Every structure is written in structure tokens, then in C-alpha cells.
Amino acid sequence: ALELYVALDDVTWQLRCYVNIGLANARAENRPAAESSYAAAQTLGRQVKVPQVVGVASLNLGVLLVRDGAFDRAQACFA
């Protein structure tokens, strides 16, 4: 789906894909891929000024980092 929305230049749906890919990877216990997807959603969301998605990606990334014991990095996600 992400490839389709990139080809269509539909940033809103790209953001949703990144968050969902992050969720899927987190559930599959692929932490690095989940972190990468959430970070991509944060970056793109900030670029196009969609704070709701930035917030969701930050929250999900923070929870992921807390579960990994990376409390200092997680705290930055919640600030």
C-alpha cells in the first residue's frame, strides 16, 4: 500500500501506512523496523504539518522504547 500512495503522491495515506507498518512490526517483535517506521511517520508528518499523526507516531515509538527499557529516549517522545 505504501508504494501505491508514494506513486500517487498521497502523503496523508503514506503517513497512515508508516504508522501501521510500525504497529505490525512491533507486534511481530521486529523492534528496529517498527522504530524506523514510526520515525518516518514523525519526520514526514512534521514536514507536511500533520500534528495528529506525529503525535500517534511519537506515542507508539515512546511505548516501544519503554518496553525496550530505553527510558531516556522514550521520554523525548512524550515531551
Side-chain angles (χ1 to χ4, degrees):
L2 179 59
E3 290 178 12
L4 172 66
Y5 293 121
V6 169
L8 294 173
D9 198 32
D10 190 329
V11 178
T12 301
W13 282 100
Q14 288 176 42
L15 289 168
R16 292 176 182 179
C17 284
Y18 280 122
V19 170
N20 287 333
I21 291 167
L23 287 169
N25 281 310
R27 288 186 181 174
E29 298 186 14
N30 186 347
R31 304 278 195 236
E35 187 174 338
S36 176
S37 295
Y38 293 143
Q42 286 178 313
T43 301
L44 186 57
R46 286 184 183 115
Q47 288 174 354
V48 297
K49 297 181 172 74
V50 182
Q52 298 88 345
V53 175
V54 174
V56 169
S58 296
L59 176 63
N60 289 344
L61 179 57
V63 169
L64 180 77
L65 293 170
V66 165
R67 288 181 179 166
D68 285 345
F71 300 111
D72 291 337
R73 290 182 58 212
Q75 186 175 14
C77 294
F78 301 128

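Computed from a prediction, not measured in an experiment: that's the story for all the values here.
Between the side chain of Ser58 and the backbone N or O of Val54 there is at least one donor-acceptor pair closer than 3.5 Å. Distance alone, capped at 3.5 Å, places no donor-acceptor pair between the Tyr18 side chain and the Leu2 backbone.
Here the CD atom belonging to Gln14 is positioned 10.5 Å from the CD1 atom belonging to Ile21, to the nearest 0.5 angstrom. Once rounded to the nearest 0.5 Å, the distance linking NZ of Lys49 with CG of Leu44 reads 12.0 Å. Here the straight-line distance linking atom CD of Glu29 with atom CG of Leu64 works out to 10.5 Å at 0.5 Å rounding. Rounding to the nearest 0.5 Å places CD of Gln42 at 12.0 Å from CD of Gln47.
Across all non-hydrogen atoms, the minimal contact from Gly45 to Leu15 is N-CD2, 3.3 Å. Residues Ala26 and Ala34 approach most closely at N-CB, 3.6 Å, considering heavy atoms. In plain terms, the two heavy atoms of Ala57 and Ala41 that are nearest each other are CB-CB, 3.8 Å.
Counting heavy atoms from C-beta outward, Arg16 and Trp13 have side chains that approach closer than 4.5 Å. Taking the side chain as every heavy atom from C-beta outward, Tyr5 and Thr12 never approach each other to under 4.5 Å. Asn25 has its side chain within reach of Ser37: a pair of non-hydrogen atoms, C-beta onward, lies under 4.5 Å apart.
Leu4 and Val48 fall into different hydrophobic clusters, where Ile, Leu, Val, Met, Phe, Trp and Tyr are joined by side-chain heavy atoms under 4.5 Å apart, directly or via other members. Cluster annotation: Val19 is connected to Val11 through the hydrophobic network of ILVMFWY side chains, with a link wherever side-chain heavy atoms come within less than 4.5 Å. Val53 and Phe78 fall into different hydrophobic clusters, where Ile, Leu, Val, Met, Phe, Trp and Tyr residues are linked whenever their side-chain heavy atoms come under 4.5 Å apart, directly or through other members. Linking ILVMFWY side-chain heavy atoms closer than 4.5 Å, directly or via other members, places Leu59 and Val66 in a single hydrophobic cluster.
Looking at Gln75, Arg31, Arg73 one by one, the single match for side-chain contact (heavy atoms from CB on, under 4.5 Å) with Leu65 turns out to be Arg73.
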